[in-house]
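Every chain is numbered from 1, with letters handed out A, B, ... down the list of sequences. A quick note: this is a predicted structure, and the numbers were derived from the prediction, not measured.
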Number of protein chains: 2
Amino acid sequence: MADITRRERLRAETEREIRQRARALLIEHGREAVTLRAIARELGITAPALYRYYDSREHLLRQVCDDICADMAEGLAKDLSQLPEEDTLGRVFAVCRGFRRWALAHPEEFALVFASPKPALGFNPCDAVPPIRDQFGNIFMTVAGRVLSTHKLATPAEQDVPKELHDDLLVFRDALLETLASNGIAVSTEVLDLGTVYFMLRFWIRLYGQVALEVFGRSPLTTASLEPMFELMLRELATEVGLLT
Amino acid sequence: MADITRRERLRAETEREIRQRARALLIEHGREAVTLRAIARELGITAPALYRYYDSREHLLRQVCDDICADMAEGLAKDLSQLPEEDTLGRVFAVCRGFRRWALAHPEEFALVFASPKPALGFNPCDAVPPIRDQFGNIFMTVAGRVLSTHKLATPAEQDVPKELHDDLLVFRDALLETLASNGIAVSTEVLDLGTVYFMLRFWIRLYGQVALEVFGRSPLTTASLEPMFELMLRELATEVGLLT
DNA sequence: CAACATTAGTAAACACCGTTTACCCAGCTG
DNA sequence: CAGCTGGGTAAACGGTGTTTACTAATGTTG
């Protein structure tokens with residue numbers, strides 16, 4: 001007999017459909033429209049039935065966050081599959097562009113996963129922060145790590161890194177090394193020195209910052225897309241560490 | 001007799017208290033907790049009574065946004081009053097630091113006003129975007145304008161500004177000039193050239209971006225504050241245009 | 001196979017929500 | 001004084017998350 005019973009298969013199927021409908025509602029009508037009754041209505045059951053699958057609406061939303069991250073990560077992975085392994089910098093850029101494109105195309109999902117005030121979702125959405133452990137962070141760190149293992153970066157000297165950040169940067173570095181190791185990327189601690197980790201933090205701040213600004217429409221420009229500035233930012237950061245000239 | 005009748009005075013008073021209570025709920029228990037019934041309960045009336053003051057919860061929230069902006073602007077103005085008029089750059093830094101400090105101290109309010117997906121509040125919160133017309137934008141642009149009118153900036157050359165942005169930057173410049181004029185600051189169009197406006201946009205993107213990242217806790221650092229990086233960013237941007245060495 | 005246990009679903013209820021309606025009554029105005 | 005205006009009320013409607021008790025179907029076991 002199969003390992004999974006008929007019941008288990010059905011359960012997994014409806015569980016999948018629940019989150020799928022929840023996401024559809026989120027995308028089409030915003031966060032507030034993701035209602036247990038609305039979800040239940042769409043799959044022809046009643047709201048309390050959903051409690052057989054999730055402890056509460058909060059828990060359901062958290063799982064939806066996971067799905068969202070997984071989906072975005074899948075899209076990014078597909079983008080990456082089109083690029084040669086050797087083009088390490090191109091792959092970093094691809095991930096950054098993919099993140100931006102995804103965020104602009106899915107503003108409600110971005111807001112839910114990446115821009116909710118901390119305790120708004122019970123706890124951290126998708127256990128993402130801190131440090132970045134979600135699937136996006138995973139991909140981002142992986143492609144970045146590949147650059148580190150193949151290029152010598154002109155990163156800031158240790159004495160230029162603010163002392164107040166040293167301890168936390170070292171913690172971050174350990175998480176980074178662990179993530180890279182689990183993805184089969186070996187990076188020596190000499191390569192991943194304090195300045196390099198610091199630069200990665202700077203990179204992420206700039207990346208996240210511009211994307212958030214665009215998603216939330218806080219640009220003072222009325223019509224134009226900020227894509228040119230995004231591209232320039234990428235080039236600027238890459239140039240800063242000598243990856244572009 | 002006074003211009004305002006007794007009734008009008010009472011009305012204005014409860015109106016004020018409504019928004020005050022709404023803000024208290026927002027701060028203490030998050031956006032979802034700002035319910036009409038909770039507000040009414042706190043001032044000892046019933047929920048439908050609120051409809052004598054606001055058309056709907058949406059409209060009330062919008063007004064609350066205005067209050068929030070006004071309050072922050074007031075705080076910034078107070079900070080500025082401690083600084084000499086001549087220290088134009090110091091005043092810009094003070095506004096940036098004040099914005100960051102306020103945002104970190106009021107994450108729910110920041111999320112509501114500065115990071116809600118576009119149509120989440122019926123329309124734009126506080127008519128703020130685009131272009132930046134809210135009270136914060138006003139102050140920010142004013143102190144920045146004062147720098148422009150007293151310093152020669154080494155801003156990007158016109159050919160270094162992405163062509164796709166030219167039209168929108170010119171629109172933004174007009175709004176900027178109007179704002180500055182209405183605050184008694186005369187800046188010639190030669191000074192406020194395309195490169196300068198472009199730099200201001202870059203400045204705002206960086207500023208908003210890091211603040212949003214900090215408020216939403218998306219830093220991969222577990223405990224340390226990113227204040228040192230904020231300070232470095234300010235110095236970096238100022239150095240870029242020759243305001244610091 | 002029969003008996004039992006587990007489980008996905010239900011209906012009903014509770015407390016809360018935004019909003020509308022009809023009504024009341026104090027205070028101002030002619 | 002009569003009448004209007006406007007801030008308040010209670011009641012109701014349909015919606016929400018969640019709990020409870022129950023049913024019926026599935027899976028397991030003697």
Using a heavy-atom distance cut-off of less than 4.0 Å, which residues of residues 21-30 of chain A contact DNA chain C? none
Take A/A47 and B/A47, find for each the nucleotide of DNA chain C with the closest heavy atom, and name the residue whose nucleotide sits nearer the 5' end. A/A47
Would you mind reading off the distance between A/I45 atom CD1 and C/dA11 atom P, rounded to a whole angstrom? 12 Å
Atom pair distance, as rounded to whole Å: CG in A/L61 and P in D/dT16: 14 Å
With a 4.0 Å limit, can you tell me whether A/T46 has a side-chain N or O closer than that to the phosphate oxygens OP1/OP2 of C/dT10? yes
Validation row, ring centre A/F99 to ring centre A/F136 under 6.0 Å: yes
Summarise how protein sits on nucleotides 22-27 of chain C as a single string, 5' to 3': B when a protein heavy atom is under 4.0 Å from the base, S for sugar-phosphate-only contact, - for no contact. -B----
Assert yes or no for the condition that the ring centre distance of B/Y208 to B/F140 is strictly below 6.0 Å. no
Please tabulate, one pair per line, each protein N/O and nucleotide N/O from nucleotides 14-17 of chain C that are separated by under 3.5 Å, including the distance.
| from | atom 1 | to | atom 2 | distance (Å) |
| --- | --- | --- | --- | --- |
| C/dC17 | OP1 | B/T35 | OG1 | 2.9 |
| C/dC17 | OP2 | B/R41 | NH2 | 2.7 |

Kindly point out which of C/dG18, D/dT19, D/dG7 is positioned nearest to the side chain of A/P48? D/dT19
For the backbone of B/T142 and the side chain of B/N183, can you confirm whether one donor and one acceptor N or O come within less than 3.5 Å of each other? no
With a 4.0 Å cutoff (strictly under), does any side-chain N or O of B/Y53 reach OP1 or OP2 of D/dG8? yes
